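Chain letters run A, B, ... following the sequence lines, proteins first, then strands; residues in each count from 1. Keep in mind that what you see is a predicted model, and the values were worked out from it rather than measured.
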Amino acid sequence: MKSIDKQINIINRGVVQICEENELREKIKKNKPLRVKLGVDPTAGELHLGFTVVLRKLRQFQDLGHQAVLIIGSYTAQVGDPSGRDKTRPQLSVDDVIANAKFYLEQAGKVLNLDTLEVCYNGDWFKKMNFLDVITMLSKSTVARTLEREDFSNRYSSGTPIYLHEFVYPLMQGYDSVMVKADVELGGTDQTFNLMVGRDLQRDAGQEPQVCITMPLLEGLDGVRKMSKSYGNYVGISDEPKDMFGKLMSISDELMWKYYELLTEIPLSEISKMKDGITNEKIHPMDVKKNLAINIISQYYDEKIAINARAAFEKVFSKGNLPDDIPEFNLHTGETELNFIKILTETKMAPSGGEVRRLIKQGAVSIDGEKISDLTIPLPGKNEFVIKIGKRRYLKIIK
RNA sequence: GGGGAGAUACCGAAGCGGUCAAACGGGGCAGACUGUAAAUCUGUUGGCUUUCGCCUUCGGAGGUUCGAAUCCUCCUCUCCCCA
């Protein structure tokens with residue numbers, strides 16, 4: 001094992017807060033692998049880079065020789081969380097949870113070392129509790145304390161409902177820590193409160209309280225809101241390499257540094273050199289961003305594929321050539337004209353006829369580079385031609 | 001249990017009998033400028049047809065009216081205050 005300082009140094013990268021760092025030192029000093037806990041919700045489908053921030057941190061612990069413990073929140077998922085904004089979340093069946101968990105692990109395996117990973121389902125202990133056990137657990141915290149939590153207090157003051165069972169979640173999560181005897185728990189900053197509850201419950205159970213490590217929430221492609229599937233501002237770790245590349249190129253220059261810090265292993269010293277290079281105008285921010293994209297794509301595919309993705313990107317967006325893989329559409333026989341509304345809605349290139357009208361009116365549609373201004377045009381003589389919509393939608397028409 | 005407020009399009013939020021497919025802001029999309037960056041400017045943002053027009057939408061179900069998102073009744077849900 002590496003020295004304490006070295007370990008702390010690695011662990012510290014990108015974290016917002018370690019509570020408490022000296023406790024962590026003490027724990028490491030014992031020279032026993034730490035049990036590092038991460039709880040996940042098995043409702044999520046595809047993993048995106050936002051999730052990997054904390055998964056990567058867990059992986060770092062694994063690489064330092066510690067024991068990663070992944071808790072699948074199977075019980076939570078089965079209960080179903082109605083707190084969602086507009087509609088009740090579906091209650092998941094046991095089978096759903098198992099299937100989701102399997103899918104989750106499959107993906108998480110791209111970041112974590114599954115061979116040494118310990119996986120627990122919190123339903124294993126929660127389903128055994130009786131009501132008295134639950135009440136006893138509830139008695140470990142107070143309303144005022146729970147209400148302190150930022151998102152709860154925000155919701156409370158803005159008049160958004162908070163359901164009672166939501167109040168219980170922090171305790172459940174904390175109870176998980178007791179059950180797995182966690183030394184460390186990881187989470188996003190939005191989890192701070194829940195992590196702290198774990199400390200209380202462990203203390204109460206006569207355990208040494210866990211060290212809580214919080215990671216920043218990664219902003220998505222819009223640079224404002226956290227990366228999330230529902231905001232559509234995410235990069236999925238199973239995205240096609242060229243999509244990943246394009247998406248990563250669209251983040252702001254500013255945000256790129258956060259991605260560098262949280263999603264790559266590139267030493268911080270090198271990152272700051274890059275920053276200087278841009279300030280001195282020795283390097284172009286676009287190139288720095290391309291390297292970021294290559295680094296990230298390489299983690300999920302390999303470097304060769306990443307470089308190909310860059311080439312494809314440059315071909316299409318720098319040189320303005322057509323991409324290699326354009327969806328194709330075979331015209332129905334007997335057509336004498338091109339009806340854009342029909343073709344584009346039929347192929348799902350546009351959601352509605354109104355949208356097609358708008359796009360054409362605004363000059364967003366072209367055929368082989370020639371702008372279209374009518375909804376319908378006579379069929380071009382060529383046997384194949386490409387319709388382009390906006391910056392990145394293409395459709396090859398074949399007669 | 002009592003009293004009050006409220007539910008509007010992706011989100012926030014106006015509208016309070018016709019001129020409402022519904023102001024405004026955000027977001028989205030598109031155009032200009034670019035490096036698919038940021039910032040900025042412009043257009044657009046229910047569906048079908050684009051000329052008129054038609055259809056569906058303002059929590060749900062009924063009702064009053066020539067006519068309702070706007071009035072009435074019931075229902076569902078939320079928030080606040082009191083107990």
Side-chain angles (χ1 to χ4, degrees), chain A residues 82-89 147 152-164 166 219-235 239-260 274-275 277-279 281-294 296-297 309-323 339-342 344-346 348-366 369-376 387-394:
Chain A
S83 71
R85 329 293 133 102
D86 42 4
K87 50 188 160 189
T88 309
R89 285 186 201 169
L147 213 45
F152 278 163
S153 54
N154 285 346
R155 277 164 64 180
Y156 191 64
S157 54
S158 73
T160 312
I162 302 171
Y163 290 86
L164 283 178
E166 297 184 85
E219 285 86 356
L221 303 177
D222 55 24
V224 180
R225 296 180 294 183
K226 74 165 184 178
M227 188 177 281
S228 144
K229 232 182 158 178
S230 50
Y231 297 146
N233 62 355
Y234 69 100
V235 181
D239 279 358
E240 290 292 313
K242 65 177 175 52
D243 292 333
M244 276 186 154
F245 202 97
K247 285 180 179 180
L248 288 168
M249 289 308 287
S250 77
I251 65 171
S252 70
D253 291 356
E254 209 183 333
L255 185 59
M256 154 170 92
W257 303 116
K258 195 164 180 180
Y259 277 44
Y260 259 110
M274 289 189 262
K275 274 189 200 171
I278 289 175
T279 312
E281 296 186 353
K282 283 190 182 134
I283 35 180
H284 195 291
M286 185 179 59
D287 293 321
V288 178
K289 208 179 287 174
K290 282 179 179 171
N291 288 340
L292 171 71
I294 287 196
I296 292 173
I297 294 167
R310 179 179 62 189
F313 175 86
E314 286 169 345
K315 178 180 164 188
V316 176
F317 294 105
S318 310
K319 300 190 184 121
N321 294 329
L322 294 176
N339 182 331
F340 288 104
I341 292 181
K342 209 168 131 200
L344 297 182
T345 50
E346 211 170 292
K348 303 257 163 63
M349 300 298 284
S352 70
E355 178 75 2
V356 174
R357 288 196 179 86
R358 204 201 96 229
L359 288 165
I360 288 180
K361 191 159 70 181
Q362 304 193 322
V365 181
S366 62
E370 248 180 84
K371 230 169 227 178
I372 298 302
S373 50
D374 296 301
L375 293 175
T376 324
I387 303 179
K388 183 183 182 195
I389 306 124
K391 278 186 186 120
R392 56 202 103 160
R393 276 173 280 177
Y394 295 88

### Query
For R393(A) and L359(A), what are the C-alpha separation, side-chain angles and deciding distance, and is it a side-chain contact (heavy atoms from CB on, under 4.5 Å)?
CA-CA 12 Å; R393(A) 276 173 280 177; L359(A) 288 165; 4.3 Å; yes
### Task
Name the pairing partner of rU34(B), where a pair is Watson-Crick or G-U wobble with both distances under 3.5 Å, or state none.
none
### Task
Please determine, for rA14(B), whether a Watson-Crick or G-U wobble partner exists with both distances under 3.5 Å, and give it or none.
none
### Query
Please walk me through it: do L292(A) and I296(A) pass side-chain contact (heavy atoms from CB on, under 4.5 Å)?
CA-CA 6 Å; L292(A) 171 71; I296(A) 292 173; 3.8 Å; yes
### Task
Give the rounded distance in Å between these two atoms: CD of E355(A) and C1' of rU49(B).
17 Å
### Message
I'd like the C1' distance from rU65(B) over to rG18(B), given in whole Å.
### Response
12 Å
### Query
When the distance from CG of N233(A) to C1' of rG28(B) is rounded to whole Å, what number comes out?
12 Å
### Query
Passes side-chain contact (heavy atoms from CB on, under 4.5 Å), N291(A) versus Y260(A)? Steps please.
CA-CA 10 Å; N291(A) 288 340; Y260(A) 259 110; 3.6 Å; yes
### Task
Searching all strands shown, indicate the nucleotide that pairs with rG27(B) (Watson-Crick or G-U wobble; both distances under 3.5 Å).
rU45(B)
### Contact state string [nucleotides 30-39 of chain B, B base, S sugar-phosphate only, - no protein heavy atom under 4.0 Å]
BS--BBBBS-
#### Entry: Assigned partner base of rA68(B), Watson-Crick or wobble definition, under 3.5 Å
none
### Task
For rC55(B) and rC33(B), measure between their C1' atoms and round to the nearest Å.
41 Å
### Message
Going by purine N1 to pyrimidine N3 plus the second Watson-Crick contact, or the G-U wobble pair, all under 3.5 Å, which nucleotide sits opposite rG6(B)?
### Response
rC77(B)
### Task
Assess whether side-chain contact (heavy atoms from CB on, under 4.5 Å) is satisfied between W257(A) and M274(A), documenting all intermediate values.
CA-CA 10 Å; W257(A) 303 116; M274(A) 289 189 262; 3.9 Å; yes
#### Entry: Distance between P atoms of rU70(B) and rG17(B) (Å, rounded)
11 Å
### Query
Say you pick atom P in rG31(B) and the same atom in rA69(B); how far apart are they, in whole Å?
37 Å
#### Entry: Distance, C1' atom - from rA22(B) to rG47(B), rounded to whole angstrom
16 Å
### Query
R225(A) CZ to rG26(B) P: how many Å, rounded?
14 Å
### Message
Counting only heavy atoms from other residues, nucleotides and ligands, does the tally under 6.0 Å from CD of E346(A) exceed 12?
### Response
yes
### Task
Considering only atom C1', compute the distance from rA21(B) to rA9(B) and round it to an integer number of Å.
9 Å
Validation: residues 245-252 of chain A side-chain donor-acceptor distances under 3.5 Å, sequence neighbours left out:
unit_1  : atom_1 : unit_2  : atom_2 : d
K247(A) : NZ     : Y234(A) : O      : 3.1
K247(A) : NZ     : D239(A) : OD2    : 2.8
S250(A) : OG     : K247(A) : O      : 2.7
S252(A) : OG     : L255(A) : N      : 3.2

### Message
Measuring only the P atom in each nucleotide, how far is rG27(B) from rC81(B)? A whole number of Å is fine.
### Response
33 Å
#### Entry: Spacing of NZ belonging to K290(A) relative to CE belonging to M256(A), to within rounding of 0.5 Å
12.5 Å
#### Entry: rC52(B) versus rG59(B) - spacing of their C1' atoms, nearest Å
35 Å
